[in-house]
Amino acid sequence: MTDTVLIVGAGPTGLALAIHLALHNVPVRVIDAASGPATTSRALGLQPRGVEVLERIGALGDLPQRSQSSLNMSYNEGPRTVLRLHVGQAVADQPKQALLISQAEVEGALRHRLAELGGSVEWGTRLVAAEQDTASVAATVQTADSTGHRIDTRWLIGCDGAHSTVRKLAGIGFPGRKLLERLLMVDVRAQWPFDKNGSTTWMEAGHMLSVTALPNDTWRLFTEPPAGLPDELSESEITDRVLGEFSRRSGVGIDTVTDICWASEFRIHRRLADAYRRGRILLAGDAAHIQSPTGGQGQNTGLGDAENLAWKLVLVAHGRADHRLLDTYEGERRPLARNVLRATSTAVDIMLPDHPWKRLVRDKLVLPLVRLPAVQRRLWLAASQLGISYRGGPLAPTSPRWMPGLHPGDRMPDLPCRLLNGDRTMLHAAIRGRWVVLADKPDVAARHAQAAAAQLGADLVVALTPLEPDSPDVALVRPDGHIGWRGRSAPDKLTAWLNQVLWPA
């Protein structure tokens, strides 16, 4: 038997992709080389875009109630605070807020949702080989007891991180550069006199040390070690080094430390895969792109990859679209990843200057600008990823980038709406992996939904009317919340657009 999709990697990207597929009865298997779920994580937050993705697949659960939604960030040079940011305050009027919560908790919510849909993760299962032809991929996997067996699948998706086996087996390059040589990180429980809703970062001669508050009197510390420090330090050596540096920089003793939760080291790179697809093998998340953790973009960009790829895989798997639709995944997501990499790398270069003249530019030009509320608002809106647009991309090539208003390729805001039966709903909550026809009158919405269903299938289309219509236009909203087609009432034009997208000439 050939499984439709084999996902390698049970992190947020792989789990979100599996949920999307399971919602629409696409057979999917998820394998991971780890022996079980991670209990610690580097990522600490969901940007508003990531929150939307989880909401649209029914995986958000009680994460908002268990998260912080604001964070005070202080940047010090020696004893002097040179910048203070209030994350969330500048965009408090937005309907979606960032959630500060461990990636391990996010993964737990995603696994719970996948289990509700009948799915699970095959832990301790490592991909060791893959060969593809025009119809399928033959994947060889090895379980924890060294038993090997073959899995035949129509599509192999690599969500297996920066050292992706899938990417290497597909022969896809991963060029880039180091941003920071090494970072040492420790999570400890302690009673320290810092803001329980914040982080403090000390910058010194181009190097940094940061402490961030986590729940239950837990603190995350990370720092750049000095050059020449031996590789492969033990956890105790990492802990001693980080806590010693922390005490020296902050002037706070470590006598109240009661528990060492974990310690690790890693390197920060900026890398982008040469391609996101090689035949029947595709990449998503950190397997396709890695960047600085600045701005909390990594996990969220991966979740966006999963959602974009998923709705296209659903259509191809069910025979409702040509396989060339999958090429638009790279066409839409790779330029976005390139922009994220550029922005996060610039942030590292600005905040951790390696030359005196760069430090002067930061202190005299950049920091005064960043202190302005209007500038902070623009920064947080950019970090939220709510402004992502695919205008000019493969599915909206004629959408002008400079025109005001909403156009094909733009994200459709979350609007209060009504179903045709009169029930109220929010637009994004109604999506659940489906396409939405949005029109100001129920009969208009119904006619266009019928036209869309003829192409996509009735199970993939829902009709809504906004509670407060502001335009006579009809919009066809994609399962990832972006506008696919928009125009005056004309079911034949909607059908023509879908034909062009699903079955390109």
Say whether, by atom type as modelled, one donor and one acceptor occur between the side chain of [X] and the main chain of [Y] under 3.5 angstrom.
{"X": "Arg434", "Y": "Val462", "answer": "no"}
{"X": "Arg167", "Y": "Ala162", "answer": "yes"}
{"X": "His24", "Y": "Gly433", "answer": "yes"}
{"X": "Asp440", "Y": "Pro469", "answer": "no"}
{"X": "Ser164", "Y": "Gly158", "answer": "no"}
{"X": "Asp410", "Y": "His407", "answer": "yes"}
{"X": "Asp160", "Y": "Val166", "answer": "yes"}
{"X": "Tyr390", "Y": "Gly331", "answer": "no"}
{"X": "Arg486", "Y": "Leu406", "answer": "yes"}
{"X": "Arg280", "Y": "Arg154", "answer": "yes"}

Can you check side-chain contact (heavy atoms from CB on, under 4.5 Å) on Leu63 and Ile101, steps first, answer last?
CA-CA 8 Å; Leu63 289 179; Ile101 191 167; 3.7 Å; yes
Looking at [X] and [Y], does any basic side-chain N land under 4.0 Å from a carboxylate oxygen?
{"X": "Arg320", "Y": "Asp459", "result": "yes"}
{"X": "Arg488", "Y": "Asp473", "result": "yes"}
{"X": "Arg478", "Y": "Asp480", "result": "yes"}

When rounded to the nearest 0.5 angstrom, what is the spacing between [atom1] in [X] and [atom2] in [Y]?
{"X": "His482", "Y": "Met412", "atom1": "NE2", "atom2": "CE", "answer": "11.0 Å"}
{"X": "Ile281", "Y": "Leu6", "atom1": "CD1", "atom2": "CG", "answer": "10.5 Å"}
{"X": "Leu127", "Y": "Lys168", "atom1": "CG", "atom2": "NZ", "answer": "11.5 Å"}
{"X": "Leu54", "Y": "Leu99", "atom1": "CG", "atom2": "CG", "answer": "9.0 Å"}
{"X": "Asp32", "Y": "Thr125", "atom1": "CG", "atom2": "OG1", "answer": "8.5 Å"}
{"X": "Leu309", "Y": "Leu17", "atom1": "CG", "atom2": "CG", "answer": "5.5 Å"}

Is the [atom1] atom of [X] crowded by more than 12 outside heavy atoms at less than 6.0 Å?
{"X": "Gln65", "atom1": "CD", "value": "yes"}
{"X": "Glu131", "atom1": "CD", "value": "no"}
{"X": "Gln450", "atom1": "CD", "value": "no"}

Query raised in the report: Using the ring of each side chain (for Trp, its six-membered ring), is Tyr276 parallel, tilted or perpendicular to His289, with breaks at 30° and 60°?
Result: tilted
Tell me, do [X] and [Y] make a side-chain contact under 4.5 Å, heavy atoms counted?
{"X": "Pro479", "Y": "Glu307", "result": "no"}
{"X": "Trp311", "Y": "Leu325", "result": "yes"}
{"X": "Glu52", "Y": "Arg411", "result": "yes"}
{"X": "Leu110", "Y": "Ile57", "result": "yes"}
{"X": "Thr165", "Y": "Val8", "result": "no"}
{"X": "Tyr329", "Y": "Leu313", "result": "no"}
{"X": "Leu156", "Y": "Gln132", "result": "no"}
{"X": "Val53", "Y": "Leu46", "result": "no"}

Give the minimum heavy-atom separation between [X] and [Y], together with the two atoms involved.
{"X": "Ala10", "Y": "Trp123", "value": "CB-CH2, 3.9 Å"}
{"X": "Leu438", "Y": "Pro466", "value": "CD1-CD, 3.9 Å"}
{"X": "Ser489", "Y": "Val444", "value": "OG-CG1, 3.9 Å"}
{"X": "Cys417", "Y": "Leu427", "value": "SG-CB, 4.2 Å"}
{"X": "Arg333", "Y": "Thr301", "value": "NH2-O, 2.9 Å"}
{"X": "Pro442", "Y": "Leu420", "value": "O-CD2, 3.8 Å"}

Residue pair Trp155, Arg277: steps toward the side-chain contact (heavy atoms from CB on, under 4.5 Å) verdict: CA-CA 11 Å; Trp155 304 98; Arg277 180 186 179 194; 3.9 Å; yes
Report task. Show the numbers, then the answer: is there a side-chain contact (heavy atoms from CB on, under 4.5 Å) between Leu303 and Arg49? Result -> CA-CA 9 Å; Leu303 289 171; Arg49 178 69 180 222; over 6 Å; no
#### Entry: salt bridge (charged side-chain N to carboxylate O under 4.0 Å, His left out) between Asp322 and Arg324, worked out
CA-CA 5 Å; Asp322 186 84; Arg324 285 175 293 175; 2.8 Å; yes
Go through the steps to decide whether Arg334 and Leu272 satisfy the test side-chain contact (heavy atoms from CB on, under 4.5 Å), and finish with yes or no. CA-CA 8 Å; Arg334 192 170 183 275; Leu272 180 63; 3.7 Å; yes
